[in-house]
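Input: a single structure, listed below in structure tokens.
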Amino acid sequence: MPQEENTTVTRETAPPADDRYDAQRIESKWFERWPQDGSIYAAEHDSTKPKYYALEMLPYPSGALHMGHVRNYSIGDALARYMWMNGYNVLHPMGWDSFGLPAENAAISAHTPPRDWTLGNIAKMKAQMKRLGFAYDWSREVTTCLPEYYRWNQWFFLKLYEKGMAYRKQSKVNWCPKCATVLANEQVVGGCCWRHEDTLVEQRELEQWFLRTTKYSDELLSGLDKLEGWPEKVRTMQRNWIGRSAGTLVDFKLDGAADSPENTITVFTTRVDTIFGATSIQLAPEHPLVTRMAKFNDPLRAQVEQLVTEQRKAKETGDIGAIEKHGINIHHFAVNPYNGERLPIWVANYIVMDYGTGAIMSVPAHDERDFEFARKYALEVRLVIVPCPDDPEETVTEPVPPFTDLKGSLVNSGEFTGLTCQDAIAKMSTYAEQHGFGRATVTYRLKDWGISRQRYWGTPIPMLYCEKDGIVPVPEKDLPVVLPDNVDMTLTGGSPLGRVPEFVNAVCPKCGGAARRETDTMDTFVDSSWYFYRYTDPHNQQAPFDSKTAGYWFPIDQYIGGVEHAILHLIYSRFWTKFMRDMGMVTNDEPADRLFTQGMIIKGGAKMSKSLGNVVSPDEMVARYGADSTRMYTLFATAPDRELDWQDEGVEGIQRFLSRLYRVVTDKTEPPARRSNLPVEDGRGSAARTLQRKLHQTIKRISHDFEGRWHFNTSISALMELNNLVSGMGQDISAGNIPPEDLAEAKRVLVLLLSPFAPYLAHELWEILGEKGTLLKASWPKYDPELAKEDEIEIPVQVNGKLRSVVVVPAGSSEEIIREAAMADAKIRTAITGKQIVKKIVVPGKLVNIVVR
RNA sequence: GCCGGGAUGGCGGAAUUGGCAGACGCAGCGGACUCAAAAUCCGCCGGGCUUCGGCCCUUGGGGGUUCAAGUCCCCCUCCCGGCACCA
């Protein structure tokens, strides 16, 4: 075919650019038009409007956004936009959790200074966020690795130190050999490092800085009950983590030894009521008494060491719950202070040192583990609890051990015989206290937070060590202690900062003599524990933030992020808020009123990962389908809290939908000047009424989704239904069955409802419709419940619970009318012919069921 | 072992209070447009039977409550997440 002809054909058939939805054209146009600093999304300083603080968890600047981020931020952005349209003064900020190990690793492998690497990544990711059209006020951007921010970490550390909430202690700590640093308990997952899931964590003895999180153990726990806007799952995880356990401490004296603290074994038990059934004492292999006794006893030491090794191995591999119980009888005895009985002391592999006191009383009759152990070594099983039946008539039979039920009463228990278990626990604890050999106590799994890290890329801990004055805090006026540049990062052990003399060598502020700087840096979870307060007052030079300003914005109305932070970040943040409250900096008890945890994204049944090669890149999706389609798909594929199974074809589907919507809104078909079929009375024929009803129903559904369940997948379905209806009404429109103002209203509403999900296209269409005001602050449409109601409804008619017909009646019809309509229906008459009607169930507005025999 | 969440067409999922199971989308099939293809538009689309009127089965499995169960109750299987000899 000749070249010229071909060109002509193309010109004639290809529609002008504006007639087709062209995501790239529209998105680049609006990208240029929206200010780069996000100033159109700025919160108002002084506002009579109600406030709304919408917050998404800030990312670590790894170099590129992944789909999980896109999902997280698409949810938050839709919410923020919805709130703006509802007239709220919205705070919607973003920042960078930018300290941390990957920057150091990059420095080693790519010879790029951590700072350059990090800031470069931030620039890339910020550009991605802007391209995706997220509505952030960038003037409030917080970057935790900059001195403007981390100086306040140091300031907080000084305050914590002043209040005795930060302290230094020597202790066994978790050490990840790959990270070459200490980890908090929260960062150890199944015995392995949270960042290196194949690397076992070692135990090392080190001097560390700790924050006294345990001061708030009780409040952190009880506060969970009030956090009704948090997922039950997260609250349960935190409860488990805090691990409160009420029990009794009981001192057992070593038989035949001098009366001294070292010769006392304190056991922790939640069931002191069973103590008359104790037949041995079990110690953890690492218990101090065991260490002492084994010191000059080589055979025993060898045996104990084996138990220790075995226990550690089991702990590391996570099988501690499954190891076979065994132990060693060390041929010493302890005295039960309640009855003076001598109990043999054993060392057992199922007793761990880091819970309770590392010593238990073994009650085989009333504890499954003790029972298992006792059976192996043929130890005595002595019943001291019998069941209390609910029905007093029931005869009490002797239980089969191990009987662990708390619904029982005591037997063979001296003066406590006859008491119920609950009563006995209280009375026996008091008894122990009165006689000086024990007391009621509460233990927690939650430990103080070790924050020292032997790494470079973190906040320097503002402390000095002076030969003369000991530990001396850096004076507030000398903050920030700036992280030096040009630090050798190669992994030779010890803190990299320790190899920078200009940093280490300092002057003692007390005596003016030489002092050494602390060379450890802070755990990066310190940074994220309070960053959201800084957003409210990001440029403050005098304080982390102004209390009044924070008081206006806090608590966060909605916090959105991944469930992987359910424990770590969210417990530390709650702790920090409580500390700041007690300092008088804030008045709220909790940082966030409501929390939402979005589901993971998977592809082909597996988590996206480089090794599986199933990673979907946001950049690629945006280039291929546009930001609107990409974002909208993450909301459409499933409800936001569920796992999302990624399918590229699904994004195409959304793109097709946006194309159809574009066509519907830009369609120029005008109704004829003279209207034909419009009834005079109510001004609306059935087609017009159908459109009107659907319009109001759609506004209702989407508004409800925002206010309640957040099932944006059904919001988008509703939008599709509305769009399908309008696009199928071409004939009615050209025939003049739809009043032009109704059609215009439908298009307007369609664009308004679209805007939280697909802001680029919505802005383009808003302009095409000739709307003047900014879409961002246009009013969210209101629905009229009357107009949303159906005029006629279909009532299914069942016979014996099986669908046999459907009758149409006016909405709101009485039971009587519906019954008659059902009975008059031909199909129903056939179905019930020759049968006896037993019952007719008519549920107005719902259905009819005729029961026949 | 304990706690939480889940299982619905070929696929992702809907069904808000016990009331027509399968909305919406994807894939597939058929048709229109086209020389053709893509794009777009229209129609069909859980399974089985059918005399084409319909009939029967179907929400992981088994039992129950009810006129009526995906939804409530009891038992069981599997999957995901958390905790775990926690004394």
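Please read these numbers as outputs of a predicted model, since none were measured by experiment. To find a chain, count down the sequence lines: A is the first, B the second, and so on, and within it residues start at 1.
Taking side-chain N and O atoms only, R369(A) has a distance below 4.0 Å to OP1 or OP2 of C86(B). OP1 or OP2 of G25(B) lies within a sub-4.0 Å distance of a side-chain N or O belonging to N724(A). Residue R663(A) places none of its side-chain N or O atoms closer than 4.0 Å to OP1 or OP2 of A39(B). Considering only side-chain N and O atoms, R660(A) lies under 4.0 angstrom from the phosphate OP1 or OP2 of G25(B). The side chain of R656(A) places an N or O atom within less than 4.0 Å of a non-bridging phosphate oxygen (OP1 or OP2) of C26(B). For C85(B), neither phosphate oxygen OP1 nor OP2 lies less than 4.0 angstrom from any side-chain nitrogen or oxygen of K325(A). For the OP1/OP2 pair of G13(B) and a distance below 4.0 Å, the side-chain nitrogens and oxygens of S717(A) include no atom meeting the criterion. An OP1 or OP2 oxygen of C86(B) is reached within less than 4.0 angstrom by no side-chain nitrogen or oxygen of R239(A).
Rounded to an integer number of Å, the gap from I716(A) CD1 to G25(B) C1' is 11 Å. In this structure, CG of D645(A) is placed 19 Å from P of G25(B), rounded to the nearest angstrom. As rounded to whole Å, 11 Å separates atom P of U16(B) from atom NE2 of H711(A). As rounded to whole Å, 14 Å separates atom C1' of C11(B) from atom NZ of K603(A). One interatomic measurement links the two molecules: CD1 of I425(A) to C1' of A87(B), which rounds to 13 Å at whole-angstrom precision. Rounding to whole angstrom units, CZ of residue R642(A) and C1' of C79(B) are separated by 13 Å. Rounded to an integer number of Å, the gap from CE of M237(A) to P of G81(B) is 11 Å.
Two residues, V563(A) and H326(A), neighbour RNA chain B, and the one matched to the more 5' nucleotide by heavy-atom proximity is V563(A). Each of E232(A) and V848(A) was matched to the nucleotide of RNA chain B holding its nearest heavy atom; the match closer to the 5' end belongs to E232(A).
C83(B) and G28(B) are spaced 43 Å apart, taking the P atom of each and rounding to whole Å. Only the P atoms considered, A27(B) is 13 Å distant from A38(B), to the nearest whole Å. Straight-line distance between the C1' atoms of U50(B) and C56(B): roughly 11 Å, to the nearest whole Å. The separation of G9(B) from G60(B), taken at their P atoms, amounts to 8 Å, rounded to a whole angstrom. A21(B) and C2(B) have their C1' atoms separated by 35 Å, with the value rounded to a whole Å. Comparing the same atom, C1', in G19(B) and in C24(B) gives a spacing of 23 Å after rounding to whole Å.
Summarising the local packing, CD of Q306(A) is surrounded by 12 or fewer heavy atoms from other residues, nucleotides or ligands at distances under 6.0 Å.
Q798(A) is linked by a side chain to side chain donor-acceptor pair (under 3.5 Å) to nothing, counting only residues two or more places apart in sequence or in another chain.
Residue V843(A) is classed as a base contact, given a heavy-atom separation below 4.0 Å to a base. Using a 4.0 Å heavy-atom cutoff across all strands shown, I351(A) reaches at least one base atom of the nucleic acid. When heavy atoms are screened at a 4.0 angstrom cut-off, E372(A) is found touching no nucleic acid atom at all. Residue contacts shown for G653(A) are limited to sugar-phosphate atoms, with no base heavy atom under 4.0 Å away.
The cationic atom of K325(A) (NZ for Lys, CZ for Arg) does not lie both less than 6.0 Å from the six-membered ring centre of F373(A) and within 45° of the ring axis.
Within residues 628-636 of chain A, the residues that place at least one heavy atom under 4.0 Å from RNA chain B are, in residue-number order, F636(A).
Partner of F252(A) under the side chain to side chain contact (heavy atoms under 4.5 Å, CB included) criterion, chosen from T266(A), I281(A), I345(A): I281(A).
Here the nucleotide nearest the side chain of N849(A), chosen from G81(B), C67(B), U16(B), is C67(B). With A27(B), A14(B), G25(B) as the choices, the nucleotide that has an atom nearest any side-chain atom of M720(A) turns out to be G25(B). Of the listed nucleotides (C67(B), G19(B), U16(B)), G19(B) has the atom at the smallest distance from the side chain of L847(A). The listed nucleotides are G19(B), A27(B), C85(B); the one nearest the side chain of Y350(A) is C85(B). Distances were taken from every side-chain heavy atom of N349(A) (C-beta onward) to each of C85(B), U16(B), C20(B); the shortest belongs to C85(B). Nearest to the side chain of A637(A), among G12(B), A87(B), U16(B), sits G12(B). Checking C11(B), G82(B), G19(B) against the side-chain heavy atoms of I567(A) singles out G82(B) as nearest. Side chain of T714(A), nearest nucleotide from G13(B), C24(B), A15(B): A15(B).
Panel note: side chain D448(A), backbone T214(A); a donor-acceptor pair is recorded below 3.5 Å. Using a distance-only test at 3.5 Å, with no hydrogens or angles considered, no donor-acceptor pair links the side chain of E286(A) to the main chain of V352(A). Of the possible donor and acceptor atoms, none in the side chain of N336(A) sits under 3.5 Å from a partner among the backbone N and O of A278(A).
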(message) Show, in sequence, the C-alpha distance, side-chain angles and deciding distance for Q311(A) and N349(A), and conclude whether the side-chain hydrogen bond (donor to acceptor under 3.5 Å, both in side chains) test is met.
(response) CA-CA 6 Å; Q311(A) 206 176 51; N349(A) 65 342; over 6 Å; no
Side-chain donor-acceptor distances from residues 836-849 of chain A under 3.5 Å, at least two apart:
from: N849(A); atom 1: OD1; to: G801(A); atom 2: N; distance (Å): 3.0

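Aromatic rings of F706(A) and F712(A) (six-membered ring for Trp) have centroids within the 6.0 Å cut-off, being under it.
Pairing analysis of RNA chain B (Watson-Crick: purine N1 to pyrimidine N3 plus N6-O4 or O6-N4; G-U wobble: N1-O2 and O6-N3; both under 3.5 Å) yields stems of 3 or more pairs at B:1-7 with B:77-83, B:10-12 with B:24-26, B:28-32 with B:40-44, B:46-49 with B:54-57, B:60-64 with B:72-76.
For C83(B), the base has no donor-acceptor partner in the side chain of N240(A) [N/O atoms by modelled type, under 3.5 angstrom]. Judged by distance alone, with hydrogens and angles left aside, Q798(A) brings no side-chain donor or acceptor close enough to the base of C20(B) to form a pair under 3.5 Å.
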Tabulate atom names and distances for all N/O pairs under 3.5 angstrom spanning the protein and nucleotides 52-56 of chain B.
from: C55(B); atom 1: OP1; to: R804(A); atom 2: NE; distance (Å): 3.4
from: C56(B); atom 1: OP1; to: R804(A); atom 2: NH2; distance (Å): 3.3
from: C56(B); atom 1: OP2; to: R804(A); atom 2: NH2; distance (Å): 3.2

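A side chain to side chain donor-acceptor pair (under 3.5 Å) check over residues 267-281 of chain A, counting only residues at least two apart or in different chains, returns the pairs R271(A)-D273(A), S280(A)-Q282(A).
At a threshold of 4.0 Å, the pair R709(A)-D641(A) does not count as salt-bridged, since none of the basic side-chain nitrogens sits closer than that to a carboxylate oxygen.
In terms of heavy-atom proximity, V797(A) sits nearest to V807(A) at CG2-CG2, 4.0 Å. P796(A) approaches L803(A) most closely through the heavy-atom pair CB-CD1, 3.6 Å.
Annotated as syn: G53(B), whose glycosidic dihedral is within 90° of 0.
With values rounded to the nearest 0.5 angstrom, Q655(A) atom CD is found 6.5 Å from Y21(A) atom OH.
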